[in-house]
Amino acid sequence: MSHVRVRIAPSPTGAPHVGTAYIALFNKVFAMQNSGKFILRIEDTDQTRSHPEYEKNIFDALKWVGLLWDEGPDVGGDYGPYRQSERTETYQQHAEKLVQKGGAYRCFCTPDRLAKMRADQMARGLSPKYDGKCRHISENIVAQKVNNGEPFTVRLKVPRSGKCVFEDRLRGRITYNYKEIDDQVLLKSDGFPTYHLANVVDDHLMKISHVIRGEEWISSTPKHVLLYKLFGWEQPEFIHMPLLLNADGSKLSKRRNPTSIFYYRDAGYLPESLLNYLGLMGYSRPNGEEKFNMEQMAEDFDIERVSLGGSTFDLVKLKWLSGKYIREDLKSDVLQQRLNEWRLNSEFFTEIIACVQERMDTLGDFIPLCSFLWAREVELNPEDLIPKKKDDKETLQFLQTLLFAIEETPFWNAEVIEEKIKEVAEFFEWKLRQATQPLFVAISGKKVAPPLFSSMAFLGKDLSRVRIVSAIEALGGVSKKKLQKFQKAWDQR
RNA sequence: GGCCCUGUCGUCUAGCCAGGCCUAGGACACAAGGUUUUCAACCUUGCAACACGAGUUCAAAUCUCGUCAGGGUCACCA
């Protein structure tokens, strides 16, 4: 195998996901085993959702679990830039090339028309698909429209018949009929590429040899294969990993599970145990060992041993593994050091002490007052969550809406938290006091605690989110239908 | 709904490709016992699965087909 080059390509649009670390791990181990290179590429082509803060989070999260990359936006490499927003010209040139070759075409349809078309198709029981209106516009008209400054997208011209066949290393031959595949937008009207174009162009330019990614990409692989063909490029080997699942069997989601890597860091799981656990998902070492690090995994790694059913992400087993590492691998002085590095240090105490001081009578009050800040989880009494003159249903919606609100910003500090809570309180026409009560209890498990905003800031966004989710569960949880209803209400504020 | 992927204990998995060694092995969880000043840890034991139905074969968890079930995906998101 010559020059194995693999990559992970996360998009900086939210909290760094454990699924990213999972896929990164298998890529990394595959590279290690083949003395190849492991590349980090930032897919920030969605200008509305991407944020530099989230990019930094990806770096920090991957470093924390110990997944280091050979090439990337921060460390450089021979195939940069590694940030897609810095490569727009490349994509535009390639899109143009494709148009000239007849493999793609400019589309002038407005989002409005597309939405109507889709709604119409749905109403008639058809699956939504671009109708090909702009597929055959004459060159003159296209030139005219472009000259007039009409916004356009570039769409992939998918053959109307024939089959697309590709090999997946783990699943064998997969076949799709071209007629089932939509004329995907490759270049958006803002000039940025969609995933499909950017991904194929970059993988080729960066000489990626193996595409190891999640199973959810299988259905868009035909589009990628078509692109390789149209460009006349050799395609990489495709390896689709099984998905990480919620307990109900659906794709791992933050509504049902803590999915942010930072949650695991802040809740005090050992990074080596998280990485090890991820290695257990869909994989087993030939010797059956369950406790191993990346180097050991790479020693006898065999991609063919990956099992194909999705794996339920089981916090209970992860907790056991973390405990195993703490007990077996850390001498007490090292453990003390690890606790220090975590959040049991004077820097953090300094932040907190001023907040707690007013509530202390004796020094012995300090730890009991703020122990929740160093706890993986807190116990709470569901009744304490409900403010006076409100009921459980209102509280439920309030907490859920707050969850939506905090997702709207990539930042997390006392000011932002206060702002968001006030925003939601106003929306519900609740007094601030009523709004903070359920949060106090959700966050601390108690009615008496240091100031809420600082506490939440200190806890971190991910731990705070999970505690609010737990509080919602304690109140009976929210159905998918209700969730959508709540989201809609909030969005229309 | 169309298309695609998948289907071994509650959960993660071994075994499947090269059918017999499988009255299906390990781990988590759970239960019982042991050890221990308590708890945890640790040790021992137990509980528990080849989705279903046909076919091929002397023999099928393993090969073939069908059924069912679950998931993924159908955006100017990745």
Side-chain angles (χ1 to χ4, degrees), chain A residues 9-14 17 19-20 41-50 84 107-115 117-118 121-122 124-130 151-155 164 166 168 170-199 213-223 240-252 277-291 304-321 323-324 326-328:
Chain A
S11 73
T13 52
H17 201 277
T20 304
R41 185 172 71 221
I42 296 295
E43 308 229 329
D44 54 351
T45 57
D46 185 338
Q47 287 300 287
T48 58
R49 295 200 305 152
S50 295
Q84 292 188 327
C107 171
F108 299 91
C109 295
T110 60
D112 199 41
R113 180 183 114 76
L114 294 173
M117 180 195 75
R118 235 171 260 131
Q121 286 167 332
M122 300 269 268
R124 285 188 294 156
L126 299 169
S127 56
K129 215 165 153 251
Y130 181 60
F152 62 87
T153 62
V154 174
R155 280 180 187 275
C164 176
F166 63 92
D168 177 279
L170 301 174
R171 296 155 212 269
R173 183 157 297 182
I174 298 175
T175 306
Y176 279 85
N177 285 317
Y178 276 130
K179 67 176 177 200
E180 289 149 8
I181 300 165
D182 205 359
D183 281 2
Q184 254 297 327
V185 169
L186 299 176
L187 202 66
K188 301 180 247 186
S189 56
D190 63 3
F192 279 83
T194 59
Y195 170 85
H196 307 282
L197 210 219
N199 161 72
R213 79 224 302 190
E215 187 187 338
E216 74 263 40
W217 292 106
I218 291 180
S219 57
S220 48
T221 306
K223 292 165 191 167
H240 289 99
M241 296 289 297
L243 259 22
L244 259 25
L245 270 27
N246 295 315
D248 67 357
S250 57
K251 187 163 81 164
L252 194 67
Y277 181 67
L278 257 12
L280 249 20
M281 301 277 86
Y283 188 70
S284 64
R285 290 187 67 191
N287 62 14
E289 285 291 335
E290 288 199 292
K291 187 174 167 222
E304 311 276 345
R305 284 183 70 84
V306 170
S307 61
L308 297 180
S311 322
T312 311
F313 195 86
D314 180 12
L315 269 327
V316 176
K317 187 154 182 175
L318 170 59
K319 197 178 92 173
W320 164 78
L321 240 196
K324 208 168 157 64
I326 287 182
R327 273 173 250 118
E328 295 175 4

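Worth saying up front: this structure is predicted, and the values here are computed from it rather than measured. Numbers restart at 1 for each chain; the letters A, B, ... are given by sequence-line order, proteins then strands.
Atoms CD (Glu215(A)) and C1' (rC4(B)) sit 9 Å apart, rounded to a whole Å. In this structure, the CG atom of Leu315(A) is 14 Å from the P atom of rC12(B), given to the nearest Å. Following rounding to the nearest Å, Arg327(A) (CZ) and rA41(B) (P) show an atom-to-atom distance of 6 Å. One atom, CD of Glu180(A), and another, P of rC74(B), lie 14 Å apart when rounded to the nearest Å. Look at CD1 on Ile174(A): it is 17 Å from P on rG72(B), rounded to the nearest Å. Rounded to a whole Å, the CZ atom of Phe313(A) is 12 Å from the P atom of rU13(B). rC4(B) atom C1' lies 15 Å from atom NZ of Lys179(A), rounded to whole Å. To the nearest angstrom, P of rG2(B) lies 19 Å from CD1 of Ile218(A).
Comparing Ser250(A) and Ala247(A) along RNA chain B, the residue whose closest nucleotide (by nearest heavy atom) sits nearer the 5' end is Ala247(A).
For the pair Asp182(A) (side chain) and Gln184(A) (backbone), a donor-acceptor distance under 3.5 Å is absent. At distances below 3.5 Å, at least one donor-acceptor pair connects side-chain atoms of Tyr277(A) with backbone N or O atoms of Asp314(A). A side-chain donor-acceptor contact under 3.5 Å links Lys188(A) to the backbone of Thr45(A).
Scanning atom types as modelled, no donor and acceptor separated by under 3.5 angstrom connect the side chain of Lys317(A) and the base of rA29(B).
Here Lys291(A) pairs with Glu328(A) in a salt bridge; the nearest charged N to carboxylate O distance falls below 4.0 Å. Looking at Arg41(A) and Glu43(A), a side-chain N of the basic residue comes within less than 4.0 Å of a carboxylate O on the acidic one, giving a salt bridge. Remark: Arg49(A) engages Asp46(A) in a salt bridge, criterion side-chain N to carboxylate O under 4.0 Å.
Note on Thr312(A): a side-chain N or O is less than 4.0 Å away from OP1 or OP2 of rC12(B). For the pair Arg285(A) and rC12(B), the criterion of a side-chain N or O lying under 4.0 Å from OP1 or OP2 is not met.
For rA51(B), the paired base is rU67(B) (Watson-Crick or G-U wobble, both distances below 3.5 Å). The partner of rU23(B) cannot be assigned: no Watson-Crick or G-U wobble pair with both contacts below 3.5 Å exists in any strand. Pairing for rA31(B) is with rU45(B), a Watson-Crick or G-U wobble pair whose two hydrogen-bonding atom distances lie under 3.5 Å. When Watson-Crick and G-U wobble pairs are counted only if both distances are under 3.5 Å, rC9(B) pairs with no nucleotide at all. rU56(B): no Watson-Crick or G-U partner with both key distances under 3.5 Å is found in any strand. When Watson-Crick and G-U wobble pairs are counted only if both distances are under 3.5 Å, rG1(B) pairs with rC74(B). Checking rU36(B) for Watson-Crick or G-U wobble geometry (two distances, each under 3.5 Å) identifies no partner in any strand. Taking a pair to require two hydrogen-bonding distances under 3.5 Å in either a Watson-Crick or a G-U wobble arrangement, rC16(B) remains unpaired.
You'll find the side chain of Lys223(A) stays beyond 4.5 Å of the side chain of Thr194(A), heavy atoms only. Taking 4.5 Å as the limit, some side-chain heavy atom of His17(A) sits within range of a side-chain heavy atom of Leu252(A).
Counting any heavy atom pair closer than 4.0 Å across all strands shown, Tyr176(A) reaches sugar-phosphate atoms only and no base atom. Within the 4.0 angstrom heavy-atom criterion, only backbone atoms of the sugar-phosphate kind lie near Gly249(A); the bases stay farther away. As judged by a 4.0 angstrom heavy-atom cut-off over every strand, Arg213(A) is placed among residues making no nucleic acid contact.
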Interface polar pairs with nucleotides 76-78 of chain B, N/O, under 3.5 angstrom:
from: rC76(B); atom 1: OP1; to: Arg118(A); atom 2: NH2; distance (Å): 3.1
from: rC76(B); atom 1: OP2; to: Arg118(A); atom 2: NH2; distance (Å): 3.3
from: rC76(B); atom 1: O2; to: Ser189(A); atom 2: N; distance (Å): 2.8
from: rC76(B); atom 1: O2; to: Ser189(A); atom 2: OG; distance (Å): 2.8
from: rC76(B); atom 1: N3; to: Ser189(A); atom 2: OG; distance (Å): 3.1
from: rC76(B); atom 1: N4; to: Cys109(A); atom 2: O; distance (Å): 3.1
from: rC77(B); atom 1: OP2; to: Lys188(A); atom 2: NZ; distance (Å): 3.1
from: rC77(B); atom 1: O2'; to: Asp46(A); atom 2: OD2; distance (Å): 3.0
from: rC77(B); atom 1: O2'; to: Arg49(A); atom 2: NH2; distance (Å): 2.9
from: rC77(B); atom 1: O2; to: Arg49(A); atom 2: NH2; distance (Å): 3.2
from: rA78(B); atom 1: OP1; to: Thr45(A); atom 2: OG1; distance (Å): 2.7
from: rA78(B); atom 1: OP1; to: Lys188(A); atom 2: NZ; distance (Å): 2.8
from: rA78(B); atom 1: OP2; to: Tyr195(A); atom 2: N; distance (Å): 3.0
from: rA78(B); atom 1: O3'; to: Glu43(A); atom 2: OE1; distance (Å): 2.9
from: rA78(B); atom 1: O2'; to: Ser11(A); atom 2: OG; distance (Å): 3.3

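On the P atoms, rA51(B) is 16 Å away from rG70(B), given to the nearest whole Å. With P as the reference atom, rA41(B) and rA59(B) are 49 Å apart, rounded to whole Å. Separation of the P atoms belonging to rC52(B) and rU11(B) is 15 Å when rounded to the nearest angstrom. Across the P atoms, rC21(B) and rC30(B) are found 34 Å apart, a figure rounded to whole Å. Taking atom C1' on both nucleotides, rG7(B) is separated from rC50(B) by 10 Å, rounded to a whole Å. Taking atom P on both nucleotides, rA24(B) is separated from rA61(B) by 11 Å, rounded to a whole Å. Rounded to whole Å, the P atom of rG72(B) lies 24 Å from the corresponding atom of rG66(B). For the C1' atom pair drawn from rU23(B) and rU6(B), the interatomic distance equals 29 Å after rounding to whole Å.
Comparing rA75(B), rC12(B), rG72(B) by their closest approach to the side chain of Leu243(A) singles out rG72(B). The side chain of Asp314(A) sits closest to rU11(B) out of rU6(B), rU73(B), rU11(B).
Remark: Cys164(A) SG to Glu180(A) CD distance equals 11.0 Å, nearest 0.5 Å.
Between Trp217(A) and His196(A), the two ring planes are perpendicular [angle over 60°; tilted spans 30° to 60°].
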